[in-house]
There are 2 protein chains.
Amino acid sequence: MYSSPTNETPDDRTGRAIIRDEALRLFAEQGADAVTIRQIAAAAAVSPGLVVHHFGSKDALRSAVDRHVLDTFDRVLAELTDAAAEAATSTTASADGSVSADRDPAGTGSMAEAMLAHLPPASPIPAYLRRLLLDGSDAGTELFGRLYEMARATLAAMVAAGAASPGRDPATRAAFLMANDLAVLLLRDRLAGVLGFDPLSKEGMSRWATEVVAIYGGGLRERAATSEENRP
Amino acid sequence: MYSSPTNETPDDRTGRAIIRDEALRLFAEQGADAVTIRQIAAAAAVSPGLVVHHFGSKDALRSAVDRHVLDTFDRVLAELTDAAAEAATSTTASADGSVSADRDPAGTGSMAEAMLAHLPPASPIPAYLRRLLLDGSDAGTELFGRLYEMARATLAAMVAAGAASPGRDPATRAAFLMANDLAVLLLRDRLAGVLGFDPLSKEGMSRWATEVVAIYGGGLRERAATSEENRP
DNA sequence: CATCGAGCTGAACAAATGAATAGTATCCCG
DNA sequence: CGGGATACTATTCATTTGTTCAGCTCGATG
């Protein structure tokens, strides 16, 4: 009775969507446990009763936000794979879990950086995804599992293309690459504090990627290429 | 009036220490905000009033646990540097902030893994440090800044020893290495879920370090050394 | 037009929580 | 020994929080 039983996206356009978006923003900023229904209601300019009227309970609202964020994640991911599939024709699966390993535009398989570019600059989605990955929720487990499968597929594709070695333990290698990628998202604010720039801003991603590409390309000892001199 | 004004460690041995340790354990498991004073009191087998009697308030207890964890961090760090200084005689500074960059036993500068070995297996300290790094507390800022300075010093030492290149941007390079190192701690449970082993267990650290050393050593493309064949 | 239902409000309630208070026991030091 | 401080308990209070409920508005529909 609370929501349309088929799908929530079609009827999402009125007060219900406003409440969900404000909850998403506040949850991303402070964490769901630290946000009260009254704060959400105030941010959405409605009464506290309306929030529970639409979603049943705070926990149900949290679940609704989880689903909405995961849906957005899937949609942005589909945009990414579609955009990457323009160059090379390959079997692009739909966003039901199986993904085609044909992206890697920057050369390092940075999922986080690629997603950031396809979201509004002030989107609360990245911060919410960060919290999903860090708390022990089921939605976070599903998200992390999907990211891990993407990382494994990406590494396998790079191996097939001769761009990488599978290493002694491909699963651990893919997990290492994925963890490094996610670390920038998880420690974004802290890194910005010590570095003086946001590593997920446009300029920051460039500076970060420079080091990532250098180390992934030739290891820690390889001298940095200043302007020319590409061959050691 | 609540605690001895000089230092808290000397008089810490009775009920006060029990309460602090139980609070540390519960805070590490669930996060400080999710733990109630009554839960801490029950875990310490005392009355709720005694908790606030010893620490004044829940927030003061949180600060006391923060200080205790940071002190433990400094102590373990000193053990590490002392143990590393046995081989090479160098100027080992005291744990007042400045550190000597002469460790790096594994060859990759893994601070997290080195610290884990110097703590009891079931210590709540790693999980608490993880939460310190992830929330926006001042203690977390101080801890992160210290880790960053250690990473910079370690990279500088490796450069001086010819074991690494400073890269185009040494600050970002050091931050990247540190973030990768911390990612294992931050995503420990999630990685264990998909990999099937704890990456911070003894066996897990070995498998993880194998890939880290391989990639940091020669980049992603370098073939894995199976048993012999060290030269490409 | 009447009525049904959905969106919505404001007040109220029960449970939980941090904190304060009064009082008791226990230990330490002169 | 004795007195004062300290460790500690049991009770109580004020506030916050999620949730419920009765009722209002208003557009659609038969």
Next on the checklist: Taking the cut-offs as 6.0 angstrom to the six-membered ring centre and 45 degrees off its axis, would you call R62(A) and F27(A) a cation-pi pair?
Outcome noted: no
Checklist entry - Checking R20(A) against F55(A): charged group under 6.0 Å from the ring centre and within 45 degrees of the axis? => result no
Next on the checklist: Do F144(B) and L187(A) have side chains that approach each other closer than 4.5 Å (heavy atoms only, starting at C-beta)?
Outcome noted: yes
Checklist outcome for this item: Result for 5'-nearest mapping on DNA chain D, choosing between G49(A) and L50(B), is L50(B)
Checklist outcome for this item: Assign each of I19(B) and R38(B) the nucleotide of DNA chain D bearing its closest heavy atom; nearer the 5' end lies the nucleotide of I19(B)
Distance, rounded to the nearest Å, where [X] contributes [atom1] and [N] contributes [atom2]:
X      : N       : atom1 : atom2 : answer
R16(A) : dG7(C)  : CZ    : C1'   : 13 Å
I40(B) : dG18(C) : CD1   : P     : 8 Å
K58(A) : dT20(D) : NZ    : P     : 15 Å

Next on the checklist: Classify I37(B) by what it touches in the nucleic acid, base, sugar-phosphate, or nothing, heavy-atom distance under 4.0 Å.
Outcome noted: sugar-phosphate
Checklist entry - Is V51(A) touching bases, backbone alone, or none of the nucleic acid, heavy atoms closer than 4.0 Å? => result nothing
Item to check | Candidate nucleotides dT9(C), dT9(D), dG18(C), ranked by approach to the side chain of T36(B) - the nearest | outcome: dG18(C)
Checklist entry - If you check the H53(A) side chain, which of dA7(D), dC8(C), dG18(C) turns out closest? => result dC8(C)
Checklist entry - Given S57(B) and D59(B), is the side-chain hydrogen bond (donor to acceptor under 3.5 Å, both in side chains) satisfied, shown in steps? => result CA-CA 5 Å; S57(B) 70; D59(B) 213 61; 5.9 Å; no
Item to check | First encountered from the 5' end of DNA chain C, between S47(A) and V35(B) | outcome: S47(A)
